[in-house]
Amino acid sequence: MKVRTRFAPSPTGYMHIGNLRTALYAWLFARKNGGDFLLRLEDTDRNRLVEEAGNVIYRTLEDTGLTYDEGPDVGGDYGPYVQSERKEIYGKYAEMLVEKGAAYYCFCTKERLDALREQAAAEGKVFKYDKHCLHLSKEEVAARIAAGEEYVIRQNIPLEGESSYEDAVYGTITVPMSDMEDNILLKSDGWPTYNLANVIDDHLMEITHVIRGIEYLSSTPKYNLLYDAFGWDRPTYIHLPPVMKDKQKKLSKRNGDASYEDLIKKGYLKEAIINYIALLGWNPGGERELFSLEELAQVFSLEGLSKSSAIFDTEKLTWMNGEYIRSLSLADFMERAKPYFDEAITRPMDMERLAALIQPRLETLSQIGEKVSFFNEMPAYDLALYTHKKMKTTAENSVEILHSAREALAQVEEFTNANLYETLLAVAEKAEVKSGRVLWPVRIAITGTAVTPGGATEIAELLGKEETLARLDYSIEKLHKELA
RNA sequence: GGCUCCUUGGUCAAGUGGUCAAGACACCGCCCUCUCACGGCGGUUACAGGAGUUCGAAUCUCCUAGGAGUCACCA
């Protein structure tokens, strides 16, 4: 049988990392097994509709390369792929369940239910619906419906026994019938709940492997009862442990935690995000950690899935992102970094050289601004920067050296790194000091920055002769003024 | 609270009765070096606790503790 997996989010207008990982695993499993991967939108909660919320899902999946074979916007033979367009299907199947005795009509009012709940709370018991409407006769049900009474359809859970199944990651899960409730399958507004819809859709769409969050682990036996009532084959279940923000809390929008889009905005590469989350809860077996999407699809397997929750560690993502940035071709890097450079650099400059200098020193693209701003404009700086104990430099002993360096640099025709380096070494030699005594102050004088991407001569080359000399003059004057 | 799960360093994790308990991130030190980063080398840090079973337990059993999920006309 052909493997078919699905990603079935409810469109909230936000794609959080845990959801993305679920989609990724479902995609990887389908690809690895030559199967189909499809997208289904679960929007049966009419009270929580978010306008156009499907868009961020479509966009994210497309952006990350998690292409789906079937879905709301691409069609397919098992549609519609949006639950709100399948309303009559659920009603029909709910009635079939009633005929089979696996479900029943319920006319209990909210008031009665609330009273029951209060009573249970007062007695310190767990509330459970009392099957009050289970034994209504067919005639009475028909009459009350005809009279316009509101009703729901509830699942009829057996009173005794237990239900169990094999989860691909958690093993055998067994839940006593007595712990399950006669949940509502069809709401009074005619829309199905997840309890019904997920079963109907997964069956009708011929989903073979249900990959979803662990929140469904313990309610799955209830869904299985439905599969059994219909006489349908149960799918293979693969429940996933949660992605946490810290030991206690799950990653969530409510906590203001990073979503996929937030991470992109923070300068993370989509490839790095995918690679990192693939390893959050799954391991490929070897020691290798860097994988492209296609490589992941080749090595993915259910055995590597872990049972315990994993904390989202931005530090490691950041490291991995740096690895990805460094592995980019210069052209590719420049293209992705362009928006950041455009914002940080306003004066003409050899962008390719600048990019080459910056690329290996970046962990996220958004660090570009802070790393290159001094190229654009000489910052105000403190003379303390001239003091460096290893270089044995101070503001005082840099003045003379800078004068010599400025004179020597003014003589250089071709302002290339090699020429400049040679020139400054000559200055050091002539003054009978170590190279650091001149290279450090020169770098400070032309950048006003303690840490720079590249050494004095690399930066001077990029700045160009005119700008370099202008900055040297500025700094020499500053030294004279402030030391006086 | 009931039920269903989970528990190896700060984090991700390998490990399925016999290992000096891998590796990665982070951290620290050294080297490389015109600062920084990259890279190289080295280091600190872990089997939640307690009972068993066994010649032998991170691996099996039980208990305790901690944590998560769930108990909706949300998914």
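Every chain is numbered from 1, with letters handed out A, B, ... down the list of sequences. Because only heavy atoms are used, hydrogens play no part in the values below, and waters and symmetry mates are left out as well, while side chains stay in. Given the structure is predicted, the values throughout are model-derived calculations rather than measurements.
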Length of the CD1-P vector between A:I57 and B:A75, whole Å: 15 Å

Counting side-chain heavy atoms from CB outward, which of B:C73, B:C34, B:A72 is closest to A:E181? B:A72

Round to a whole Å and report the spacing from CZ of A:R443 to P of B:C36. 8 Å

Under 6.0 Å between ring centres, would you say that holds for A:Y25 and A:F300? yes

Choosing from B:C73, B:A13, B:C34, which nucleotide comes nearest the side chain of A:A310? B:A13

Which whole number of Å gives the distance between the P atom of B:U44 and that of B:G29? 15 Å

Using whole Å, report how far CD of A:E315 lies from P of B:A26. 7 Å

Closest-nucleotide ordering on RNA chain B, the 5'-leading residue of A:G285 and A:S219: A:G285

Pairs under 3.5 angstrom, nitrogen or oxygen only, protein versus nucleotides 37-40 of chain B, please.
{"unit_1": "B:A37", "atom_1": "O2'", "unit_2": "A:P360", "atom_2": "O", "d": "3.4"}

Only pairs with both distances under 3.5 Å count, Watson-Crick or wobble alike; so what is the partner of B:G2 in this structure? B:U70

Which nucleotide wins on minimum distance to the side chain of A:V152, given the candidates B:C34, B:C73, B:A75? B:C73

Of the nucleotides B:A14, B:C34, B:A72, which one has an atom closest to the side chain of A:R117? B:A72

Considering only the P atoms, how many Å lie between B:C12 and B:U53, rounded to the nearest integer? 34 Å

Please confirm whether A:Y276 and A:F312 have ring centers closer than 6.0 angstrom. yes

When you look at CD of A:E295, are more than 12 heavy atoms from neighbouring residues, nucleotides or ligands closer to it than 6.0 Å? yes

From CD1 of A:I153 over to P of B:A72, roughly how many Å is that when rounded to an integer? 20 Å

Locate the shortest heavy-atom distance separating A:L354 from A:L462; write the atom from each residue and the value. CA-CD1, 3.7 Å

A:E289 has its side chain closest, among B:U35, B:G23, B:U11, to B:G23

Taking every heavy atom of A:A460 against every heavy atom of A:T468, the minimum-distance pair comes out as O-OG1, 3.2 Å

Mark yes or no for a side-chain to base donor-acceptor pair under 3.5 Å between A:T452 and B:C36, with no hydrogen or angle criteria applied. no

Hunt down the Watson-Crick or G-U wobble partner of B:A48, both distances under 3.5 Å, from any strand shown, or write none. B:U64

Roughly how many Å is it from CG in A:L439 to C1' in B:C34, rounded to a whole number? 4 Å

Mutual orientation of the aromatic rings belonging to A:H16 and A:Y14 [parallel < 30°, tilted 30-60°, perpendicular > 60°]: tilted

Rounding to an integer number of Å, can you tell me how far A:N195 CG sits from B:C73 P? 10 Å

Base, sugar-phosphate, or nothing for A:M391, non-hydrogen atoms under 4.0 angstrom? sugar-phosphate

Please name all residues satisfying side chain to side chain donor-acceptor pair (under 3.5 Å) with A:H403, sequence neighbours left out, ordered by chain then number. A:H480

Side-chain atoms of A:S188 come closest, of B:U35, B:C73, B:A75, to B:C73

Paired with B:A75: which nucleotide, if any, by Watson-Crick or G-U wobble criteria at under 3.5 Å for both distances? none

In whole angstroms, the gap separating P of B:A26 from CG of A:L317 amounts to 12 Å

Residues, nucleotides or ligands: over 12 heavy atoms within 6.0 Å of A:K266 NZ: no

B:C73 C1' sits how many Å from A:L186 CG, rounded? 10 Å

Using every non-hydrogen atom in the two residues, find where A:L24 and A:I274 come nearest and quote the distance to one decimal. CD2-O, 3.8 Å

Give one of base, sugar-phosphate or nothing for A:Y421, where a contact means two heavy atoms less than 4.0 Å apart. base

B:G9 pairs with which nucleotide, Watson-Crick or G-U wobble, both distances below 3.5 Å? none

Partner lookup for B:C34, please. Criteria are Watson-Crick or G-U wobble with both distances under 3.5 angstrom; report none if nothing qualifies. none

Side chain of A:K390 only, heavy atoms from C-beta on: which candidate in B:U33, B:C25, B:U35 is closest? B:U33

Could you go step by step and tell me if A:S475 and A:Y381 meet the side-chain hydrogen bond (donor to acceptor under 3.5 Å, both in side chains) rule? CA-CA 10 Å; A:S475 284; A:Y381 68 97; 2.7 Å; yes

B:U54 pairs with which nucleotide, Watson-Crick or G-U wobble, both distances below 3.5 Å? none

When every non-hydrogen atom of A:M180 is compared with those of A:V175, the smallest separation belongs to CE-O, 3.6 Å

Take the angle between the ring planes of A:Y237 and A:Y165 and call it parallel below 30°, perpendicular above 60°, tilted in between. perpendicular

Distances for protein N or O near nucleotides 1-5 of chain B N or O, under 3.5 Å:
{"unit_1": "B:C5", "atom_1": "OP1", "unit_2": "A:T172", "atom_2": "O", "d": "3.3"}

Residue whose nearest RNA chain B nucleotide is more 5′ - A:K247 or A:A8: A:K247

Complementary nucleotide for B:C41 - Watson-Crick or wobble, under 3.5 Å: B:G29

Nearest-nucleotide pick for A:I311, side chain only, options being B:C12, B:C6, B:G23: B:C12

With heavy atoms under 4.0 Å as the rule, sort A:N417 into base, sugar-phosphate or nothing. base

